[in-house]
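Letters A, B, ... are given to chains in the order of the sequence lines, protein chains preceding strands, and every chain is numbered from 1.
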Amino acid sequence: MNPSTTQTKIPSSKDARSAEELPLRELLAEDFVTHDRRWVEPGFWAVAAHRLGTRVEGVKPALLRRPLELTCRLLSTSVDWVWGIKLPATTRVGRRLRIWHHGSIVLNARSIGDDVHIRHDTTLGAVRMADDGCAAKLPVLENGVDIGSGACVLGDVRLGQGAFVGANSVVLQEVPPGATVFGVPARIIPT
Amino acid sequence: MIDAIPAPRPPVDAPIGDRNANPGGIDLLPLLAEDFRTHGRDILSPGFWAVAVHRFGNWRMSVKAKPLRAPLTLAYRAAYYGVVALWGIDLPYNVKIGRRLRLGHHGCMVLGAGEIGDDVSVRHNITIGLSRRNETKVPKIGNGVEIGPGVCVVGDIQIGDGCFVGPNTVVNRNLPPNATVLGIPLRVVSQAELGGATPTPKP
């Protein structure tokens, strides 16, 4: 399981397979490299706990799955308690998600694409707390989205490919691909 | 040299915490059970533990005999600083809170309000407190208020019942009941601008 000492193949970024199709070992090795090969990166542990949790759901014998599920839940709760990064199992996460820094990160989205960057104090979720469990009221992040620290992306909104969200912005509307948005509420600004 | 020493800060105009200020008409255990249900029956929810420690801190003030109360006070302080250190939720027991307060998620919540009503829900990164170091008045928050992530509520203000404070807003003036506000400086917005600001009714 240690990608730095064993010769696990790190998938190329040209490899078009999705996060679900990659073998767990290669996926974790890629996440480790994405997080600068540092074991102490909280973001790596948050993503790893999520990857393990989604894979464990596919284990067929219940006798084996139950203890694994419990372990994964403890792992993600520890990440949440120690570093304040909450990445629920209901969020679909693409490849090479990079979580920078830690603290007050809640990533309750419908899906997060490939090569997304997220920083501390970022919130993805529903506008009203009562809707947090309702997938139709959660945001979708396409590939290559970059989110500044303190930003909130709330409600049924889509962030287009390569969109950039400035620090402390509040995104409540669709963001077209490649746009840069900033402010409370966020407006498109020229780059 | 003497001039360099700042004047002592005036005391904050909040309840001094000399009595049990838990909501009336309900005992400690049913109250904790209600808080547990409010936090989605999740025993690992930091918000539930923060509220539970607050309730315990108030309940211990109903023990009038000081020698009997001392160990309870010690236990309360240990738990209070534990919650602050582990999750960063700062909810002193002398803040008067109503029933069914929900602290969603965790991290960086400083809840130095004078009073918080019933059915209030609060997300992470919240600051409620003084607007300046030398002020003494802290905010009062009405019933059914929802406060989004990253909000600061500061000063001698009152948030009316049923208000919704959008994310990353700074609230530094009184809000009328049922207002929806957003921005720095804040402005009153329509519910449509917040996109689905009305919560889906529970089935």
Side-chain angles (χ1 to χ4, degrees), chain A residues 70 73-74 76-88 102-108 120-139 148-158 165-174 182-187, chain B residues 38-40 42-47 49 82-83 85-89 102-109 119-126 145-152 164-170 180-187 189 191-203:
Chain A
L70 191 68
R73 191 161 173 225
L74 285 177
S76 58
T77 304
S78 315
V79 169
D80 186 6
W81 283 20
V82 176
W83 293 305
I85 304 178
K86 196 173 194 169
L87 182 55
H102 78 271
S104 297
I105 303 177
V106 179
L107 305 176
N108 188 16
H120 55 289
D121 291 354
T122 293
T123 307
L124 312 178
V127 178
R128 302 299 292 243
M129 205 152 78
D131 293 336
D132 263 352
C134 174
K137 297 202 170 191
L138 298 177
S149 57
C152 297
V153 181
L154 304 185
D156 173 23
V157 296
R158 178 175 285 269
V165 179
N168 272 14
S169 302
V170 175
V171 181
L172 300 161
Q173 283 173 342
E174 300 268 329
F182 183 65
V184 185
R187 310 249 182 259
Chain B
T38 307
H39 287 87
D42 182 3
I43 198 73
L44 298 176
S45 158
W49 287 104
V83 168
L86 187 54
W87 299 308
I89 303 179
R102 178 163 179 215
L103 309 178
H105 319 307
H106 88 270
C108 308
M109 282 180 212
D119 297 295
V120 171
S121 43
V122 170
R123 291 212 224 182
H124 50 290
N125 276 357
I126 301 291
V145 172
E146 177 165 352
I147 297 183
V151 171
C152 286
F164 177 58
V165 181
N168 284 3
T169 300
V170 176
T180 303
V181 296
L182 180 68
I184 310 170
L186 76 89
R187 56 199 179 83
V189 297
Q191 300 228 334
E193 191 170 349
L194 269 171
T198 320
T200 335
K202 283 194 181 130

Check: Would you say Arg123(B) and Val106(A) make side-chain contact, with heavy atoms under 4.5 Å?
Finding: no
Next item on the list: Applying side chain to side chain donor-acceptor pair (under 3.5 Å), name anything that partners Asn168(A), two or more places apart in sequence or on another chain.
Entry: none
Check: When only pairs under 4.5 Å are counted, which of Val157(A), Val82(A), Asn108(A), Asp132(A) shares the most heavy-atom pairs with chain B?
Finding: Asp132(A)
Check: Using a cut-off of under 4.5 Å for heavy-atom pairs, which of Ala126(A), Gly155(A), Gly133(A) has the most such pairs with chain B?
Finding: Ala126(A)
Check: For Val122(B), is it the side chain, the backbone, both or neither that has a heavy atom under 4.5 Å from a heavy atom of chain A?
Finding: backbone
Check: Is it true that a side-chain atom of Glu146(B) and a backbone atom of Met129(A) form a donor plus acceptor pair closer than 3.5 Å?
Finding: yes
Item checked: Rounded distance [0.5 Å steps], CG in Asp42(B) versus OG1 in Thr77(A) -> 7.5 Å
Check: Which pair of heavy atoms, one from Gly183(B) and one from Val184(A), lies closest together, and at what distance?
Finding: CA-CG1, 3.5 Å
Checklist line | Side-chain touch Asp80(A)/Leu44(B), heavy atoms, less than 4.5 angstrom | finding: no
Notebook entry, point to check: Excluding sequence neighbours, so at least two apart, what forms side chain to side chain donor-acceptor pair (under 3.5 Å) with His124(B)?
Noted result: Thr123(A)
Notebook entry, point to check: Does CH2 in Trp49(B) sit with more than 12 non-hydrogen atoms of other residues, nucleotides or ligands closer than 6.0 Å?
Noted result: no
Note to self: Any side-chain to backbone donor/acceptor pair from Asn168(B) onto Cys152(A)? Under 3.5 Å, distance only.
What the structure shows: no
